[in-house]
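Worth knowing before you read on, the calculation uses all heavy atoms, side chains too, and leaves out hydrogens, waters and symmetry mates. The chain is numbered in sequence order, starting from 1. None of the values given here were measured: they were computed from a predicted structure.
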Amino acid sequence: MPEGPEIRRAADKLAAVMIDQPLTEVWFAFPQLKHYQGELVGERITAIEPRGKALLTDFSNGLTMYSHNQLYGVWKVVRAGETPETKRDLRVRLETAEWAILLYSASDITIAPRGEIEQHPFLKRIGPDVLDMALTVQQVEQRLLSPAFCKRQLGGMLLDQSFLAGLGNYLRAEILWQAELAPKHKPQDLTPDALHQLAQALLDIPRISYQTRGQVDENRHHGTLFSFKVFHRSGEPCPRCGAMIEKTALSSRPFYWCPVCQK
């Protein structure tokens, strides 16, 4: 499943071609959305906002489309009138005179006035967006020590969108490695310095991934500027201590870590 950085980069790509351009064609696959097609033709997209792993697409008439890619959903940008060859099922097509954005395979799509969309069950249960640049280390520390999270093991908690929205499996591994913590640790048991280091990593790693991960650099691991330190690197030496990186299962997901420096 795409994590927060991938969703935000997708939103940036969609916004770059669609914002403030009149819609010339609108198409929805789901019958309950069909009546919005005529209503949205001629309107403009005013904002495309990531919220954790969901996207909120605002239209100039006050409506908002909530969409969640879930496991298989993907957005594509094509020239107006084009339809790529794919075995995926098209769910949404929004087109202007020059460009079209297409959502494939997603099943969780809702349209309503923005106020109603804000009451969507997913949006009501998620925590602050980890890529919200207004979110501070101090706020993350407070969240870690709050009654809802202070007694939970980090390995499971970092996949819980109610803690911080947008975190996922590769971010979990990289954040815990950066903070030099094992997944069994609980926030309440950490020293002030360790808690601060964890809060800093919770913001730094997703932001670095968002800023650089899509840029190719063949000299870096996985061909990107965002270099994985432990994720998908089992059997390789830890960049920090040289011990062997290990792979295990945690919360039904693969987990990579260094058992020596993540004590």
Side-chain angles (χ1 to χ4, degrees), residues 1-30 33-34 36-111 114 117 122-123 129-133 165-166 168 170-171 206-218 222-226:
M1 178 184 292
E3 302 182 25
E6 290 73 44
I7 298 297
R8 188 165 291 262
R9 281 198 304 275
D12 292 345
K13 186 176 180 180
L14 301 178
V17 299
M18 298 298 289
I19 294 295
D20 287 333
Q21 303 299 312
L23 293 170
T24 58
E25 181 183 340
V26 176
W27 181 87
F28 299 113
F30 299 134
L33 302 179
K34 290 285 189 183
Y36 290 112
Q37 293 176 173
E39 190 173 344
L40 290 173
V41 170
E43 300 292 339
R44 294 169 292 105
I45 293 175
T46 58
I48 300 178
E49 175 192 352
R51 194 76 68 82
K53 299 180 183 181
L55 281 187
L56 302 183
T57 303
D58 289 335
F59 299 99
S60 54
N61 63 352
L63 292 175
T64 295
M65 180 175 71
Y66 165 94
S67 61
H68 196 299
N69 284 21
Q70 299 168 300
L71 283 176
Y72 304 110
V74 62
W75 282 97
K76 293 184 179 293
V77 176
V78 299
R79 288 286 182 178
E82 292 183 0
T83 301
E85 290 188 14
T86 176
K87 294 182 179 179
R88 291 177 175 271
D89 293 324
L90 182 62
R91 305 301 195 192
V92 176
R93 183 182 187 99
L94 303 174
E95 186 167 320
T96 69
E98 294 187 36
W99 297 97
I101 58 175
L102 314 178
L103 177 57
Y104 289 93
S105 303
S107 58
D108 191 0
I109 304 168
T110 304
I111 297 176
R114 179 62 182 244
I117 289 293
F122 175 81
L123 298 179
D129 191 310
V130 72
L131 287 171
D132 180 352
M133 296 305 170
Y170 84 79
L171 289 175
R207 291 173 182 180
I208 292 170
S209 179
Y210 165 63
Q211 292 164 2
T212 67
R213 187 167 158 74
Q215 303 175 35
V216 173
D217 181 347
E218 297 302 335
H222 286 260
T224 63
L225 292 175
F226 178 76

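- Going from atom CG of L63 over to atom CD of E39 covers 5.0 Å, rounded to the nearest 0.5 Å.
- Across every non-hydrogen atom of I45 and I48, the tightest pair is CG2-CG1, 3.8 Å.
- In terms of heavy atoms, F28 sits closest to M65 at CE2-SD, 3.9 Å.
- In terms of heavy atoms, L56 sits closest to R51 at CD1-NH2, 3.4 Å.
- Within the 3.5 Å criterion, the main-chain N or O of S105 finds no donor-acceptor partner in the side chain of R88.
- Exactly one of T110, V92, I109 qualifies for a side chain to side chain contact (heavy atoms under 4.5 Å, CB included) with F30. That residue is I109.
- Interatomic distance, OG1 of T57 versus OH of Y66, reported as 12.0 Å (0.5 Å rounding).
- The backbone N or O of L23 lies less than 3.5 Å from no partner atom in the side chain of E43, so there is not a single donor-acceptor pair.
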**Report entry** Audit row: T83, V78, side-chain contact (heavy atoms from CB on, under 4.5 Å) steps and yes/no
**Finding:** CA-CA 7 Å; T83 301; V78 299; over 6 Å; no
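- Contact detail for G42 and P22: the closest heavy-atom pair is O-CB, 4.3 Å.
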Report task. Take F59 and L94, measure what side-chain contact (heavy atoms from CB on, under 4.5 Å) needs, and give me the verdict at the end. Result -> CA-CA 11 Å; F59 299 99; L94 303 174; 4.2 Å; yes
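- Taking every heavy atom of both residues into account, P50 and I7 meet most closely at CB-CG2, 4.2 Å.
- In this structure, Y36 contributes its side chain and I111 its backbone to a donor-acceptor pair below 3.5 Å.
- Inspection of the D89 and Y72 side chains reveals no N or O donor paired with an N or O acceptor under 3.5 Å.
- If you take CZ on R44 and CG on N61, they are separated by 10.0 Å, rounding to the nearest 0.5 Å.
- Nearest heavy-atom pair, L90 versus A29, reported as atom, atom and distance to 0.1 Å: O-CB, 3.4 Å.
- Of the possible polar contacts, none joining the D108 side chain to the S67 backbone as a donor-acceptor pair under 3.5 Å is found.
- Distance check: Y170 OH to E6 CD gives 3.5 Å after rounding to the nearest 0.5 Å.
- In this structure, the side chain of R8 does not engage the main chain of E49 through any donor-acceptor pair within 3.5 Å.
- Under the 3.5 Å distance criterion, the side-chain polar atoms of Q21 are left unmatched by any main-chain donor or acceptor of M18.
- If you take OH on Y210 and CG on D12, they are separated by 3.5 Å, rounding to the nearest 0.5 Å.
- Proximity of a side-chain donor or acceptor of K53 to a complementary backbone N or O of A165 within less than 3.5 Å is not detected.
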Return all side-chain donor-acceptor pairs below 3.5 angstrom for residues 95-104, not counting sequence neighbours, or 'none' if the list is empty.
unit_1	atom_1	unit_2	atom_2	d
E95	OE1	R93	NE	2.8
E95	OE1	R93	NH2	2.9
E95	OE2	G81	N	3.2
T96	OG1	E98	N	3.3
T96	OG1	W99	N	3.1
T96	OG1	W99	O	3.3

